[in-house]
Amino acid sequence: GDSVTQMEGPVTLSEEAFLTINCTYTATGYPSLFWYVQYPGEGLQLLLKATKADDKGSNKGFEATYRKETTSFHLEKGSVQVSDSAVYFCALVPSGNTPLVFGKGTRLSVIA
Amino acid sequence: EPEVTQTPSHQVTQMGQEVILRCVPISNHLYFYWYRQILGQKVEFLVSFYNNEISEKSEIFDDQFSVERPDGSNFTLKIRSTKLEDSAMYFCASSGRGPNYGYTFGSGTRLTVV
């Protein structure tokens, strides 16, 4: 079935470090891909999305490119801040109106 | 920015009791969802609702669960007889144009069954 695999956390970085959180997916057809973020004590917020191959989603300095050839949607940020500390979820919608499928989440801690 | 509102933020209930979790989706959205997240684990799909009926449900969504949109604004999840393993964070979400455009999630209700 459709699934998302994320790198295991937690990830701990110093402020201003480069961030990569790997995400790969398995899906039939042409899924749409998403990154959601969950700050401590809060709900899930859409961070960015891409709906077709080679699209790049970007928001708040974060980027991810939909790579069909490698079935990946890795999240990157050039310089993380303490305020980026959160859990990041990669997710996909397989097709049409099928529900969003989440990865297990990756906890990021950024230290000053 | 429009929000999805969930109440209560935290509910404690005794095993075997019925609970109703409430959600107010964004007003012009048409698709509604419930997800849950057991502490430290992945976010799992429960049910989707469109045009006043369930459009899809997962294996988790058994006969103990039901959803309603009683008055055109609220969207509720009922658990008839709670079990310890129902303890989780429950998230409501809505979408205006279908899932491909991303969902807006509420802040969640933390359900603790004792």
Side-chain angles (χ1 to χ4, degrees), chain A residues 1-10 21 23 25 27 29-53 55 57-60 62 64 66 73 86-107, chain B residues 1-7 9-10 21 23-26 29-51 53-61 67 88-110:
Chain A
D2 304 305
S3 66
V4 175
T5 302
Q6 290 181 236
M7 62 187 289
E8 294 282 334
I21 300 178
C23 170
Y25 66 89
Y30 301 94
S32 294
L33 303 174
F34 304 85
W35 277 99
Y36 280 82
V37 58
Q38 185 179 30
Y39 297 103
E42 298 187 15
L44 296 159
Q45 299 178 25
L46 177 64
L47 182 60
L48 52 85
K49 69 175 192 261
T51 57
K52 61 182 188 296
D55 268 2
S58 61
N59 186 24
K60 300 181 182 178
F62 291 89
Y66 189 145
F73 193 54
V87 180
Y88 292 82
F89 292 91
C90 187
L92 66 83
V93 169
S95 63
N97 290 321
T98 52
L100 199 60
V101 175
F102 284 91
K104 290 187 176 181
T106 303
R107 182 176 299 280
Chain B
E1 189 168 329
E3 290 183 345
V4 173
T5 305
Q6 289 188 245
T7 55
S9 57
H10 190 190
L21 310 183
C23 170
V24 179
I26 293 173
H29 281 187
L30 301 175
Y31 299 83
F32 313 111
Y33 312 88
W34 283 101
Y35 282 76
R36 78 172 185 190
Q37 183 184 31
I38 294 172
L39 186 63
Q41 298 187 27
K42 68 188 300 183
V43 180
E44 301 172 295
F45 168 73
L46 293 179
V47 65
S48 58
F49 194 85
Y50 170 72
N51 202 25
E53 61 183 22
I54 291 173
S55 49
E56 192 161 344
K57 60 183 181 180
S58 71
E59 293 176 352
I60 302 168
F61 194 86
V67 289
M89 182 74 90
Y90 288 81
F91 291 106
C92 173
S94 68
S95 173
R97 299 167 66 187
N100 281 336
Y101 294 88
Y103 302 0
T104 302
F105 282 85
S107 297
T109 294
R110 180 169 297 285

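In this text the structure is predicted, and so the values were computed from the model without any measurement. These numbers come from the heavy atoms of this one structure, side chains and all, not from hydrogens, waters or symmetry mates. Naming convention: chains lettered A, B, ... in sequence-line order (proteins, then strands); numbering from 1 in each chain.
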Is a side-chain N or O of B/Tyr35 found less than 3.5 angstrom from the main chain of A/Leu100, in a donor-acceptor match? yes
Segment of B/Tyr50 engaging chain A (4.5 angstrom heavy-atom cut-off): neither
Which answer fits B/Gln6, side chain, backbone, both or neither, if we ask what part of it has an atom under 4.5 Å from a heavy atom of chain A? neither
A/Phe34 vs A/Tyr36 aromatic rings, parallel, tilted or perpendicular, using cut-offs 30° and 60°? tilted
Mind checking whether A/Tyr66 and A/Tyr25 have parallel, tilted or perpendicular rings, split at 30° and 60°? perpendicular
Heavy-atom distance under 4.5 Å to chain B: side chain of A/Gln45, backbone, both or neither? neither
How long is the straight-line distance from CZ of B/Phe45 back to NZ of B/Lys57, given to the nearest 0.5 Å? 10.5 Å
